[in-house]
Amino acid sequence: MKILLIEDQLELSNNIREFLESEGIVCEFCDNCFDAQDKLLVYHYDCIILDIMLPDGNGLDLIDFIKENQEGSNILIISAKNSLQDKLDGLDLGADDYMTKPFHLAELHARLKVLYRRNQLGGTDKLVFNEIQVNPENLEVTVNQNLLELTKKEFDLLVFFLTNKNRVLGRQAIVQHLWGDYTDDLANFDFVYQHIKNLRKKICQAGGIDYIETVYGIGYKFNTTKE
Amino acid sequence: MKLINQFTIWYLGISVIVFLIGGILIFYKLESEIDFEQGRELERQLDRYARKMESMDDPSILSKDRLEIRELPLNQALVPFQLGDTLAWHEPLEQVERQVKAGRSYLINGKHYYMSTYNIMIESDDITETVVQTMVAIFLLLLIFIAVTSRLVSKKILQPFHSSLTKIKEFTFKENQPLVFEPSRIEEFEKLHEFLNRMSARMLGDYKIVKEFSENLSHEIQTPIAVISGKLELLLNSPITDQQAKWIAASHQSTQKMSKVVHSLATLAKLENQEFEGNQQVNLSALLNKSIADYEELVAIKQISLHQLIEPDIKIEMHPNMAEMLVDNLLSNAIKHNEKPGYITIEATPSVLKFRNKGEKPKRDVSEYLDRFKKGNPNSESIGLGLSIVQQICRIHGFTLEYQFIEEEHQVTIQLQN
């Protein structure tokens, strides 16, 4: 997977690149519209991460250019403006997703993967890790060929873990991933705990390994080294 | 009280004083004038008698009831004309009345006579009566005239004032136009217009600065927060000790909170600046049901039983985003400040929206929670702006918001009819 990051804040783009590259994603970067157009004319990217406010223009104006020159690539907007209007405008113009700064890198990664799977791979590929198989198309999960009965939230949670293996996922990141922005000040992470407990139980009952471990006081981690 | 009434009352008050003083002046002037004229008339009468007596031998025959003729010694000095009053029988009135008496002496045919006569005096009572009647009549006329005309005149004179008032009322920051008034011939209005024009221009300038500041703040601060939180996330996944991980997680959480505070404050500023315009028919019932569905899971996990007494298809006139914010804040608030197990009752009719939920007894007066950053538990993750946002939304739409704690219950009541 190859992406182009158009973001004028050097440190922010460093964060994103570092995170994504450690996940094996090829990440090219530029900090203005002009350079971005250059790159977009020459290379093909699976996904473009686009900041709205750029030194030489508005990122929204680039969307048409991207659509013309990049076949089948996805656009994910990242903006400091938490404005509904901008979000609607961006999605109207043809962007695939919109994230408001600040965001969790794990969340960005998860959303990129979702877009990639949906558009590039036609949503047909399965997420496989050892005995766990996830089919995003029909929301089916099997562990050792045993079908798991998961709720929507548990399914999302498992996909989130599988996309961000071996990373500490803070409770806040999980809450935001599952419930969106609006619930995250509900000052109670009980429900994260509940969902994770259920998910772990179901995986174990189906004979799977309990990969998900608690990082005390912080969150959870999908530990692939567990046996 | 209307300005015109105030003017009228003052004007009438002053008129009363002027009429009083005028009346007294007229009274004295009239009295002295009458006395003077009466004296003159009596003197002329005496003169006439004196001339008659010149051609008479015996002047005493002229003596009659009103005329008194007395002979004085020749060597006595002439008595000059003098006026006095006396009491005498008045024939037509058939009673003793105060009369004016005039007398002087004449030298006639070598004899010295003193003659005096009197006439009925015009009494001051009569003069007073006349003066008072006249004054009252004039005053009443004035009253009627003023009452009728002042209304008409004031309408005309105050017309520019009223049109200015309408303009001021219609002034909004959104239009970004300073107040401009039609020129007026009245100096005071001109001054007021000039002042208001300058003031509105100044307000718009200040507003722009504040708006830019809050907008810049909310945008510009989110990027550094994103940088920090990203670094912390990377750090969290680097080889570190458990203790370090906890510190990092705590820092990360605080940056999230910072971002949220800035965002909520920006929303609140937007609301206060009335930047949301374009009310629509909003289906409150549908909105409530959607919100309830969103929070369903959370409600279940917190073991809250939710009672819905929502009338179907309640339509209210609101900005759709604000309506969503209102419902969402109210519901999340009711969940947040609940007990485990607890309950929430949502009542909605076309006129009232009411959220009741079980909760701890607040430590202070509940109405304080409507203020910014006032929260029951200072350590809670909530930032304490939810109810301020709710209140602001209510204020914009003219709803009344009431927050009470009654019988172990938090009650937020919103009167939707304004």
Side-chain angles (χ1 to χ4, degrees), chain A residues 7-16 18-19 22 51 53 78-85 99-108 151-153 164 166-173 176 178-195 215-219 221, chain B residues 215 218-234 236-237 240 242-243 245-246 248-250 252-253 255-260 262-264 266-267 270 291 294-295 297-298 300-302 321 324-325 328-329 332-333 335-337 340 377 379-386:
Chain A
E7 160 66 58
D8 62 330
Q9 285 289 323
L10 186 67
E11 280 306 328
L12 189 60
S13 58
N14 281 344
N15 288 350
I16 296 171
E18 215 153 306
F19 191 101
S22 73
D51 185 16
M53 279 187 283
I78 49 175
S79 168
K81 248 187 178 173
N82 190 356
S83 134
L84 192 65
Q85 197 51 50
M99 289 178 85
T100 309
K101 292 179 195 172
F103 45 78
H104 296 274
L105 294 173
E107 178 69 24
L108 176 71
T151 65
K152 177 78 174 60
K153 287 277 187 289
N164 291 293
N166 291 325
R167 285 190 182 278
V168 179
L169 296 176
R171 285 176 301 196
Q172 213 135 18
Q176 259 182 37
L178 294 186
W179 282 276
D181 275 339
Y182 58 96
T183 26
D184 56 358
D185 67 321
L186 281 173
N188 195 317
F189 297 114
D190 286 1
F191 46 99
V192 177
Y193 170 77
Q194 284 286 346
H195 282 300
V215 184
Y216 188 73
I218 300 168
K221 185 174 174 179
Chain B
E215 267 173 13
S218 57
H219 296 162
E220 293 306 317
I221 216 163
Q222 299 296 4
T223 307
I225 291 176
V227 173
I228 297 170
S229 88
K231 295 273 181 245
L232 290 171
E233 213 177 326
L234 291 171
L236 201 58
N237 287 294
I240 45 167
D242 285 357
Q243 186 58 49
K246 270 178 213 165
I248 291 164
H252 191 254
Q253 209 160 321
T255 55
Q256 297 290 312
K257 195 167 167 183
M258 181 152 70
S259 144
K260 221 173 304 159
V262 171
H263 176 238
S264 296
T267 308
K270 262 190 189 170
S291 206
D294 285 344
Y295 284 104
E297 204 170 7
L298 202 53
I301 288 169
K302 290 195 85 174
N321 288 1
E324 210 172 301
M325 247 188 270
D328 206 73
N329 271 306
S332 71
N333 208 56
I335 297 171
K336 221 184 302 178
H337 305 293
K340 191 176 176 182
N377 175 7
N379 291 324
S380 86
E381 274 300 305
S382 97
I383 53 175
L385 284 174

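Hydrogens, waters and symmetry mates are skipped; everything else that's a heavy atom, side chains included, is used.
- By number of non-hydrogen pairs under 4.5 angstrom with chain B, the leading residue of His104(A), Met53(A), Glu7(A) is His104(A).
- Only the backbone of Phe103(A) comes within contact range of chain B, judged by heavy atoms closer than 4.5 Å.
- For Asp51(A), the salt bridge (Lys or Arg N to Asp or Glu O under 4.0 Å) criterion is met by Lys101(A), not counting sequence neighbours.
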Extract all donor-acceptor atom pairs below 3.5 Å that involve side chains of residues 221-233 of chain B and protein atoms in other chains or at least two apart in sequence.
from, atom 1, to, atom 2, distance (Å)
Gln222(B), OE1, Ser259(B), OG, 3.2
Gln222(B), NE2, Ser259(B), O, 3.4
Lys231(B), NZ, Glu11(A), OE1, 2.7
Lys231(B), NZ, Asn15(A), OD1, 2.6
Glu233(B), OE1, Leu105(A), N, 2.7
Glu233(B), OE2, Leu105(A), N, 3.1
Glu233(B), OE2, Ala106(A), N, 2.9

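- Listed options Ile78(A), Val168(A), Leu169(A) were ranked by heavy-atom pairs under 4.5 angstrom with chain B; first place goes to Val168(A).
- In this structure, no portion of Lys221(A) lies under 4.5 Å from any heavy atom of chain B.
- The minimum heavy-atom distance linking Arg167(A) with Asn237(B) is given by the pair CA-OD1, 3.1 Å.
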